[in-house]
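Have a look at the structure below, then the notes.
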Amino acid sequence: MFNRITASFAPDASPAQSSLVLSKRDAGQAEASVHCLLQFFRALAGSTCSGERERSVGGGAGGGGGTMKVMVAVKRVVDYAVKVRVKPDKSGVEMNNVKMSMNPFCEIALEEALRIRESGAASEVVAVSVGPPQSVETLRTALAMGADRAIHVPVDAGVPVYPLSVAKVLRALAEEEKPGLIILGKQAIDDDCNQTGQMVAGLLRWPQGTFASKVLLDKEKQVVTVEREVDGGLETLCLDLPAVITTDLRLNQPRYATLPNIMKAKSKTIKKVTPEELNVEIKSDLEIVQVTEPPKRKAGVILSSVDELLDKLKNEARVL
Ligand code: AMP
């Protein structure tokens, strides 16, 4: 239930210079502390999660066909290239005739899961989406990219789906599917919540590595090392499996689905599991009061000289 060891270091520090810091999520748990200390000394001895001994899951050095499943949560959102328009009644953004796509961070999550499977460290990638009937299109994209199976949890069109409901759905599916890893995007670009991964980890009481910029999985030792970009450097977490990971932008470059795979994905079966079957009520404790556009920026001015700039900074902006 906790991330075992955090190695925090400056990006240019050598491994020897890196400082190891014990990290414990459930403060006050003596047992956890002892476990942490044990792992700390093991890590020092190079037996767990040490960089040299890790196998890069993306690097193709797999363990000969694992049986681990990776579950990936993929959300259908307004395409990142669309300039969203706020509805006149300020109740939300215009969704009619707007291009929808897989959330970009979910594409990265799926790509990472596919690389893990291709390395031999996992045997199956299962994509899951919670949403209206059109979410099936997003799942078809996931299948075309290479997911083995897809599960759609249908919600009536127009019903808002918030992170806690999605997290409860994922927990219920995880209890059924028993994946070794659940990978999610760090955030959905429509609601920018950045909550679902953390919530599902909390509900399942699994360790979490959020904003992953590098993932190394050791199937034999049943641990995954997650590198995260934090202020002032990189933080490395060593998590026991099963675990939850959320993906940052620099983790990988997602592949494109090829035309033959898009065609093949059209005939694949997508399993439908209703929220009721999972004993989850899709509801929200949130109410969106109003959505407004950001204030318009004033036009800039072009100055002809540095002196003019200094004058403006001094006498207009009064910052000098
Ligand atoms: P959020 O917490 O809403 O910013 O979303 C973070 C991540 O949770 C997304 O990138 C997805 O991986 C996952 N997620 C959120 N909503 C859904 C959904 N309706 N269906 C599937 N996955 C979702």
Side-chain angles (χ1 to χ4, degrees), residues 70-80 92-93 95 100-114 116 125-143 145 147 149-174 177 179 181-204 206 208-213 215 226 228 243-252 254 270-275 278 280-286 288 291:
V70 183
M71 187 186 275
V72 185
V74 292
K75 187 177 186 187
R76 178 177 181 268
V77 296
V78 173
D79 187 89
Y80 74 94
V93 297
M95 300 291 280
M100 306 291 285
S101 303
M102 187 187 293
N103 179 44
F105 291 106
C106 301
E107 287 182 346
I108 296 171
L110 180 58
E111 175 65 36
E112 199 60 23
L114 297 175
I116 290 172
V125 173
V126 184
V128 177
S129 195
V130 185
Q134 298 90 324
S135 302
V136 165
E137 291 162 20
T138 307
L139 289 169
R140 293 238 176 263
T141 306
L143 290 168
M145 281 173 72
R149 285 196 291 129
I151 302 175
H152 178 217
V153 180
V155 172
D156 289 341
V159 172
V161 184
Y162 291 107
L164 188 55
S165 302
V166 179
K168 286 180 179 171
V169 164
L170 293 174
R171 171 181 59 179
L173 286 173
E177 295 278 341
L181 264 184
I182 303 180
I183 313 185
L184 307 92
K186 74 167 178 184
Q187 73 193 64
I189 60 166
D190 52 359
D191 57 23
D192 275 342
C193 278
N194 179 359
Q195 293 170 358
T196 313
Q198 294 86 331
M199 285 177 171
V200 74
L203 290 171
L204 284 164
W206 288 5
Q208 59 181 292
T210 53
F211 315 132
S213 56
V215 172
V226 175
R228 337 171 47 229
V244 174
I245 291 175
T246 74
T247 58
D248 211 337
L249 203 59
R250 272 171 288 276
L251 179 59
N252 61 47
I270 293 176
K271 187 175 168 189
K272 191 172 281 196
V273 184
T274 64
L278 297 169
V280 176
E281 193 187 346
I282 304 288
K283 61 167 192 168
S284 170
D285 298 328
L286 301 174
I288 294 180
V291 176

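In listed order, ligands and their atoms are each counted from 1.
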With heavy atoms of [X] as the reference, note each atom of ligand 1 found under 4.0 Å away.
X	result
Asn103	9 (C), 10 (O)
Asp191	1 (P), 3 (O), 4 (O)
Gln195	2 (O)
Leu184	8 (O), 12 (O), 13 (C)

Pairs of donor and acceptor atoms involving the side chains of residues 104-111, under 3.5 Å and at least two apart or interchain, shall be tabulated with distances.
| from | atom 1 | to | atom 2 | distance (Å) |
| --- | --- | --- | --- | --- |
| Glu111 | OE1 | Arg255 | N | 2.9 |
| Glu111 | OE1 | Arg255 | NE | 2.8 |
| Glu111 | OE2 | Arg115 | NE | 2.7 |
| Glu111 | OE2 | Arg115 | NH2 | 3.4 |
| Glu111 | OE2 | Arg255 | NE | 3.4 |
| Glu111 | OE2 | Arg255 | NH2 | 2.9 |

- Query: Sub-3.5 Å donor-acceptor pair from the side chain of Thr210 to the main-chain atoms of Thr246, do we have one?
  - Reply: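 Side chain of Thr210 to backbone of Thr246: no pair is present.
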
- Task: Using atom types as modelled and distance alone, determine if a side-chain donor or acceptor of Asp79 lies under 3.5 Å from a backbone N or O of Ser101.
- Result: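 Here the side-chain-to-backbone pair does not exist.
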
message = Within the structure provided, determine whether Val153 and Leu173 are in side-chain contact (heavy-atom separation under 4.5 Å).
response =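 They are in contact (side-chain heavy atoms under 4.5 Å apart), so the answer is yes.
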
Option set [options], criterion heavy-atom distance to [atom], minimum:
atom	options	answer
atom 17 (C) of ligand 1	Val166, Ile151, Leu164	Val166
atom 6 (C) of ligand 1	Gly185, Gly197, Cys193	Gly185
atom 12 (O) of ligand 1	Ala73, Gly131, Ala109	Ala73

* Asked: Considering residues at least two apart in sequence or located in another chain, which fulfil the side chain to side chain donor-acceptor pair (under 3.5 Å) criterion with Arg171?
  ->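 Arg171 satisfies side chain to side chain donor-acceptor pair (under 3.5 Å) with no residue once adjacent residues are dropped.
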
Is Thr196 touching ligand 1 with its side chain, its backbone, both, or neither, if touching means heavy atoms under 4.0 Å apart?
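Thr196 to ligand 1: contacts from backbone and side chain alike.
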
In the protein, what heavy atom is nearest to atom 20 (N) of ligand 1, and what distance, to one decimal place, separates them?
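Scanning the protein heavy atoms, the shortest distance from atom 20 (N) of ligand 1 goes to Val130 N, 3.0 Å.
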
Run the contact test for Cys106 against ligand 1 with a 4.0 Å cut-off on heavy atoms, strictly below, and give the result.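 Contact check Cys106 vs ligand 1: positive.
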
